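Notes to accompany the following structure.
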There are 2 protein chains.
Amino acid sequence: MNISELADELNLSVTTVSRALSGQGEKYRVSKATVQRVLDAAEKHHVAPDPLGAGLQRGKLGMVGLLVPDITNSFFSGLARSIELVLRKRGMTVQLCDTAEDEHCEVEVLEHILKRRLDGLILAPVGKSSERLLRALESAPFPVVIVDRIFPEITLPTVSLDNEAAGRLAAGHLLAHGHRRIACLRGDRESHTDRARFRGVQAAMQQAGLQLDPALVQGAGYTRAAGVEGAQNILSQPHRPDAVISLNGQGILGILEVAAEKNLQIPADLSVVAFDEQPWSALVKPPLTTIEQPVELIAKKAAELICEKISGTKPKQRHIVLQAVLRERKSVA
Amino acid sequence: MNISELADELNLSVTTVSRALSGQGEKYRVSKATVQRVLDAAEKHHVAPDPLGAGLQRGKLGMVGLLVPDITNSFFSGLARSIELVLRKRGMTVQLCDTAEDEHCEVEVLEHILKRRLDGLILAPVGKSSERLLRALESAPFPVVIVDRIFPEITLPTVSLDNEAAGRLAAGHLLAHGHRRIACLRGDRESHTDRARFRGVQAAMQQAGLQLDPALVQGAGYTRAAGVEGAQNILSQPHRPDAVISLNGQGILGILEVAAEKNLQIPADLSVVAFDEQPWSALVKPPLTTIEQPVELIAKKAAELICEKISGTKPKQRHIVLQAVLRERKSVA
DNA sequence: ATGAAAGCGCTAACAG
DNA sequence: CTGTTAGCGCTTTCAT
């Protein structure tokens with residue numbers, strides 16, 4: 001049953017029913033009594049305005065897309081959860097797409113999504129800024145907000161971490177503990193995020209009058225396999241580091257795996273700081289010292305930003321930058 | 001630009017353009033040349049049929065809902081990832097909802113979702129089968145498939161684990177290693193899934209002429225907090241168990257946390273088998289022996305089932321039951 | 001091989 | 001305070 005059948009049943013016009021149901025009764029001066037009558041009948045018959053019809057008419061569907069590189073990564077699943085919650089409260093729904101950390105897949109999905117009708121898109125890019133991606137983004141017929149992995153070419157609104165500060169935080173902590181030979185497991189080096197974090201690490205080192213040994217800078221990508229390979233490279237060096245920073249959440253999996261293989265004790269043989277707090281960070285032995293991103297806040301800001309863009313309000317800030325926090329546990333000695 | 005503007009530009013009717021674009025050119029005998037001309041122009045102008053218009057006309061939107069209790073739980077994020085992938089390949093999109101393991105929230109979201117237009121819904125229920133839930137489900141105007149946590153009252157198609165066999169597998173493994181005093185960290189006891197797993201454990205014990213000590217059966221819920229509390233209860237018993245089974249993926253977090261607090265060595269002081277494989281299962285010390293669900297297969301089956309139901313094909317089986325696998329590592333001695 | 005026209009369910013401008 | 005009507009963009013009969 002749809003609202004026009006409901007209207008028939010109540011001997012009202014669709015218009016009135018529509019107005020009552022959409023909460024515009026007040027505005028159009030529908031009598032309180034009528035509104036209530038409509039509401040009751042709608043409740044009774046489980047009738048609600050069909051979003052397709054409404055969407056077609058209004059040019060909006062009440063749905064925003066969420067494109068993430070890997071929903072399996074707890075950072076992104078946390079993000080998804082919070083974003084969905086915020087948007088649901090505002091009566092919007094979320095369409096999920098996972099690009100499997102694959103640049104090619106990302107562009108394809110994006111091009112596909114842009115043709116479909118969405119009110120907005122929150123995009124956590126794979127990291128690289130291919131020309132095709134940028135072109136696809138430019139031609140988006142709806143607002144787009146970028147989270148997490150940003151790149152400078154982009155003029156779209158972004159919500160991201162102060163990655164450079166976070167990098168400094170991680171390296172600074174290690175330096176404060178007297179470590180000098182510090183390794184760095186990077187993610188995708190074309191990614192602005194990774195570069196900023198790395199810059200932060202370098203800056204902290206330089207400030208201490210030190211330099212990173214290039215042989216100890218490894219890793220290329222955000223997959224688990226990439227993490228393992230990078231860790232492998234780092235920990236196979238003849239002159240082993242006494243500390244390592246994982247610049248992304250997947251990397252730590254590689255470090256732990258390889259360290260276990262090589263029977264390296266953490267933190268006795270190797271101190272570790274890992275980006276991204278995970279459900280199990282505190283549970284491994286030793287509990288991991290991490291750089292925690294304010295996931296919920298990022299999600300909230302992104303959701304708010306996209307809502308503002310959708311409703312046409314000029315957002316106060318176009319680029320929101322948030323600070324990470326050091327969660328000190330036992331993996332650094 | 002929409003297809004009728006495209007039609008104008010090509011001096012064709014919307015009809016023809018629509019037919020060409022939807023691949024029905026053949027069927028309606030649109031000339032090859034015309035089809036190509038339309039395709040080219042569409043490509044050039046980034047035009048595709050608006051799904052809202054098409055959806056309204058056809059009564060389908062090409063979107064299925066996915067309702068999970070906790071996208072942050074790696075079982076569900078794995079599920080989401082695979083489901084989304086399968087459905088995307090079929091040209092469908094996924095609407096994600098997270099019910100935060102909350103029964104109340106689940107019903108609310110569900111009632112809301114049922115009013116909106118979806119082609120189908122894949123539901124991983126919170127676990128309990130409230131009357132309101134069942135009623136909401138019955139009145140669904142589109143096909144629904146239940147995954148993971150099923151309950152007997154339900155007549156809808158389901159994809160789930162052979163939970164009883166999985167329970168037997170876990171307990172059997174412990175018994176084979178000579179453990180006699182076995183504890184069990186349960187999830188939500190009103191959940192059929194939890195009960196089936198528990199039944200399996202009991203069955204294996206009985207077969208060995210043993211019985212579970214009721215004091216060693218703890219836990220109530222699928223949240224992390226519930227896991228911690230249950231583990232607390234189990235490990236504070238005067239007569240401590242020599243082994244424990246976590247009947248769900250969150251529980252193991254509690255066990256590890258409490259075991260660490262109490263300075264219990266695994267597996268020396270306590271052997272552990274945990275349901276659900278996690279990205280970090282192999283990385284903790286000691287690496288965890290787990291009961292692994294075939295997540296991808298579950299996802300694939302569920303996606304296929306919902307597609308069959310949507311397209312009206314009679315599915316071969318209504319209830320698909322899959323087997324878990326024991327992943328033996330080092331947490332049992 | 002192509003087109004005209006109806007209608008999917010809704011909202012909003014325009015009456016009254 | 002309520003109703004009439006047009007039209008959102010599309011697919012699909014029915015015509016030609």
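Chain naming here is simple, since letters A, B, ... match the order of the sequence lines and numbering starts at 1 in each. On a predicted model such as this, the values are computed, not experimentally measured, just so you know.
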What is the distance from CD of A:Glu26 to C1' of D:dT2, rounded to the nearest Å?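 Rounded to whole Å, this separation is 16 Å.
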
Atom pair distance, as rounded to whole Å: CZ in B:Arg116 and C1' in C:dG9: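 It works out to 14 Å between those atoms.
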
Can a side chain N or O of B:Thr16 be found less than 4.0 Å away from OP1 or OP2 on C:dG3?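 Answer is yes, contact under 4.0 Å.
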
Who are the side chain to side chain contact (heavy atoms under 4.5 Å, CB included) partners of [X], not counting sequence neighbours?
| X | answer |
| --- | --- |
| A:Glu101 | A:Pro69, A:Asp70, A:Val126, A:Arg149, A:Tyr222, A:Thr223 |
| B:Thr93 | A:Gln95, A:Arg116, B:Met63 |
| A:Leu79 | A:Phe75, A:Phe76, A:Ile83, A:Val147, A:Val295, A:Ile298, A:Ala299 |

Base versus backbone protein contacts along nucleotides 8-16 of chain D [heavy-atom cut-off under 4.0 Å; B, S, -]: BBBBBB---

For B:Arg132 and B:Glu111, run salt bridge (charged side-chain N to carboxylate O under 4.0 Å, His left out): C-alpha distance rounded to whole Å, both residues' side-chain angles, the deciding distance at 0.1 Å, then the answer. CA-CA 9 Å; B:Arg132 257 181 90 201; B:Glu111 283 175 348; 3.2 Å; yes

Show, in sequence, the C-alpha distance, side-chain angles and deciding distance for B:His45 and B:Glu5, and conclude whether the side-chain hydrogen bond (donor to acceptor under 3.5 Å, both in side chains) test is met. CA-CA 11 Å; B:His45 295 284; B:Glu5 292 175 293; over 6 Å; no

For the backbone of A:Val14 and the side chain of A:Ser18, can you confirm whether one donor and one acceptor N or O come within less than 3.5 Å of each other?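 A pair under 3.5 Å: no.
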
May I ask you to decide if B:Leu61's main-chain N or O and B:Asp119's side chain share a donor-acceptor pair within less than 3.5 Å?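 Yes; judged by distance alone, with no hydrogens or angles, the pair exists.
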
Which residues in residues 29-39 of chain B have at least one heavy atom lying under 4.0 Å from any atom of DNA chain D?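 Here the set is empty: none.
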
Smallest separation among heavy atoms of A:Leu21 and A:Ala42, with atom names: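 Nearest pair, atom of A:Leu21 first, then A:Ala42: CD1-CB, 3.9 Å.
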
In degrees rounded to 10°, what angle is found between the helical axes fit to the five outermost pairs at each end of the helix from C:dA1-D:dT16 to C:dG16-D:dC1?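 End-to-end axis angle for the helix from C:dA1-D:dT16 to C:dG16-D:dC1: 40°, rounded to 10°.
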
Salt bridge present between A:Asp98 and B:Arg81 (N-O < 4.0 angstrom):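 The answer is yes: the pair qualifies as a salt bridge.
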
With a 4.5 Å heavy-atom cut-off, do B:Leu96 and A:Leu66 have their side chains touching?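 Counting from C-beta outward, B:Leu96 and A:Leu66 never come under 4.5 Å.
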
